[in-house]
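Counting convention: from 1, in listed order, for ligands and their atoms alike. The shown structure was predicted, so the numbers you read here are calculated from the model rather than taken from an experiment.
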Amino acid sequence: MKKVSIVVPTYKEADNIPVLVERIEKSFFRSSYSYEIIFVDDNSDDGSKETVDMLSKLYPVQIHVRENVRGLSSAVLKGFQLATGDVYICMDADLSHPPEKAVQMCDVIFQNDADFVVGSRNLPGGSADSFSLYRRLNAFVSRVLALPLKKISDPMAGFFAFPAKLYTSDLVERLNPVGWKIGLEILVKMNPEKVIELPIVFADRMYGESKLTLREQWNYLLHLKRLYCYKYKVLARFLVFGAVGATGVIVDIGIQILLIRFFDLQFVYARIASILCAMSSNYMLNRFITFEERPPQRLITAYFSFVAICSVGALGNWLLSVYLVSTAGFHYIPATLCGILVGMVFNFVGSSVFVFKNDKLKQKQHKEKEKTTEVNTVDEIL
Ligand SMILES: Nc1nc2c(ncn2[C@@H]2O[C@H](COP(=O)(O)OP(=O)(O)OP(=O)(O)O)[C@@H](O)[C@H]2O)c(=O)[nH]1
Ligand SMILES: [Mg+2]
């Protein structure tokens with residue numbers, strides 16, 4: 001008999017736990033699978049542990065309470081680490097994911113040889129009708145942004161299953177999630193051959209509060225950036241670097257207008273100030289977005305090397321465009337574009353090599369630190 005491990009991350013879900021266990025038991029009782037449920041709880045202290053301990057006398061359930069770590073993704077990974085089944089399933093505790101679908105997901109894995117099964121809200125037969133307009137719009141934009149990573153209808157899904165044998169130690173090494181979308185992370189990094197989606201009707205949570213916060217939305221963007229850099233490597237990072245550069249142009253022009261119009265500063269000085277502001281904002285954005293997983297050790301030194309590199313890049317940009325116009329007979333617009341491109345490549349390479357160094361050991365340490373300080377819940381953010 002095949003065994004299924006159902007991993008459920010929980011934070012303050014004591015009221016939902018008994019209902020969830022009952023519904024899983026009921027559907028698996030009629031199936032040809034045995035199961036275990038592993039709750040990974042981040043010290044909710046709301047009776048969840050006592051509830052599961054009591055239920056464990058009747059059902060194959062256990063709870064692992066983490067005292068000092070917080071975070072949905074790392075909780076799910078902890079659950080997979082403890083799992084002993086042939087198939088791993090991840091689902092929410094709040095009954096948004098119909099527990100009855102779990103059996104069907106296993107059937108699809110065993111009978112259709114699927115490598116990954118996703119419970120999708122966006123297929124015919126599935127839905128998330130109870131979502132507010134804001135959440136629907138949010139889900140739509142998030143979905144479109146994730147499309148180039150994996151072509152599935154619901155890349156945001158938190159209800160998914162895969163055969164345990166695909167969860168290799170090599171995969172675990174490469175997982176580095178920020179925020180909530182652990183399913184997408186595993187999908188991109190496992191890169192399973194046969195992905196099958198099943199429609200699910202997503203229900204509003206029954207009890208308890210949502211932990212979806214603005215911070216999570218930001219984490220999602222950061223997560224996408226990481227996955228794009230994982231999949232498309234240097235090209236993705238270069239595009240992010242370019243986007244940061246474009247914001248620098250806006251800062252440069254904006255500050256210049258401000259200083260000249262409202263502070264009556266002479267153009268020469270306004271120019272110095274606005275260029276410095278743009279360089280500083282570029283540095284910060286690159287530090288916290290483009291190269292966010294490679295924080296430099298010495299912030300001030302890194303800042304000055306960034307400014308130095310960008311200054312050389314700007315000089316190169318100027319020299320090349322002037323040369324193209326005066327000597328090579330280019331029109332000034334293509335000449336300027338060539339100058340910008342070459343300057344940007346120079347800045348990017350210089351920043352990657354000298355400012356935000358790709359030191360594997362330090363990145364590993366940073367990743368470990370991130371795992372233990374992950375914050376996801378609303379009460380810690382407010
Ligand atoms: N272990 C752990 N579980 C968490 C944490 N935050 C949320 N969860 C659980 O992860 C699952 C999804 O969280 P939800 O709050 O339901 O998030 P959501 O589904 O996006 O939002 P709503 O359904 O509107 O509440 C639930 O089972 C939560 O209890 C956390 O920090 N640690
Ligand atoms: Mg939920």
Side-chain angles (χ1 to χ4, degrees), residues 6-21 23-24 37-49 51-52 61-83 89-99 101-102 119-121 127-143 154-160 177-185 200-220 223 370-382:
I6 303 171
V7 169
V8 186
T10 55
Y11 187 69
K12 300 204 185 295
E13 303 281 6
D15 291 339
N16 288 318
I17 289 172
V19 190
L20 180 75
V21 173
R23 282 177 60 180
I24 290 178
I37 308 178
I38 302 168
F39 290 98
V40 183
D41 187 83
D42 288 351
N43 217 1
S44 299
D45 205 17
D46 64 341
S48 294
K49 177 158 175 28
T51 308
V52 177
V61 298
Q62 55 171 293
I63 185 161
H64 175 84
V65 178
R66 306 189 303 172
E67 307 250 316
N68 303 315
V69 189
R70 187 54 81 62
L72 192 155
S73 293
S74 59
V76 174
L77 297 185
K78 181 74 205 171
F80 290 153
Q81 194 190 331
L82 298 171
I89 296 188
C90 173
M91 71 165 75
D92 286 1
D94 58 6
L95 304 160
S96 312
H97 303 145
K101 274 274 169 182
S120 167
R121 294 159 281 191
S127 74
D129 286 343
S130 47
F131 271 4
S132 66
L133 188 66
Y134 167 72
R135 282 194 68 161
R136 273 202 232 183
L137 188 70
N138 196 11
F140 177 75
V141 174
S142 310
R143 189 174 143 198
D154 195 354
M156 328 290 300
F159 191 20
F160 57 89
V178 270
W180 281 18
K181 299 303 163 197
I182 183 65
L184 183 61
E185 167 101 7
I200 61 161
V201 176
F202 192 90
D204 257 345
R205 57 164 51 252
M206 271 177 73
Y207 306 107
E209 281 176 18
S210 171
K211 287 120 204 157
L212 183 76
T213 61
L214 256 189
R215 162 120 184 190
E216 273 322 310
Q217 324 236 19
W218 169 248
N219 273 343
Y220 176 64
H223 194 191
E370 211 177 50
K371 267 190 199 160
T372 49
T373 52
E374 196 180 354
V375 180
N376 268 331
T377 47
V378 75
D379 48 336
E380 287 204 8
I381 292 154
L382 295 179

With nothing but distance in play, are any N or O atoms of [X] less than 3.5 Å from an N or O of ligand 1?
| X | value |
| --- | --- |
| V8 | no |
| R66 | no |
| V40 | yes |

For this session: Look at atom 30 (C) of ligand 1 and find which of D41, V65, D42 reaches it with the closest heavy atom.
Result: D42
Problem set entry | Heavy-atom side-chain proximity of T51 to F39 below 4.5 angstrom | no
Atom indices of ligand 1, in the order listed, that fall short of 4.0 Å to a heavy atom of [X]:
| X | answer |
| --- | --- |
| R70 | 31 (O) |
| E13 | 26 (C), 27 (O), 28 (C), 29 (O) |
| D94 | 16 (O), 19 (O), 23 (O), 25 (O) |

Exercise. Hey, what do you get for CG (D41) to CD (E67), rounding to the nearest 0.5 Å?
Worked result: 10.0 Å
For this session: Quick one: pull up CD in E216 and NZ in K181 and give me the separation to the nearest 0.5 Å.
Result: 8.5 Å
If I compare all heavy atoms of [X] with all of [Y], which pair ends up nearest, and what's the gap?
| X | Y | answer |
| --- | --- | --- |
| P99 | I24 | CB-CG1, 3.7 Å |
| A102 | M91 | CB-CE, 4.1 Å |
| V40 | A75 | CG2-O, 3.4 Å |

Exercise. Which is it for A75 and ligand 1 at heavy atoms under 4.0 Å: side chain, backbone, both or neither?
Worked result: side chain
Problem set entry | Under 3.5 Å donor-acceptor, D92 side chain and D94 backbone | no
Exercise. What protein N/O/S atoms are found closer than 2.8 Å to the Mg ion (ligand 2)?
Worked result: D94 OD2
For this session: Take the angle between the ring planes of F80 and F160 and call it parallel below 30°, perpendicular above 60°, tilted in between.
Result: perpendicular
Exercise. Does at least one non-hydrogen atom of R135 fall below 4.0 angstrom from an atom of ligand 1?
Worked result: yes
Exercise. Is it true that F202 and H97 have ring centroids separated by less than 6.0 Å?
Worked result: yes
Problem set entry | Ionic contact status for R121 with D154, cut-off 4.0 Å | yes
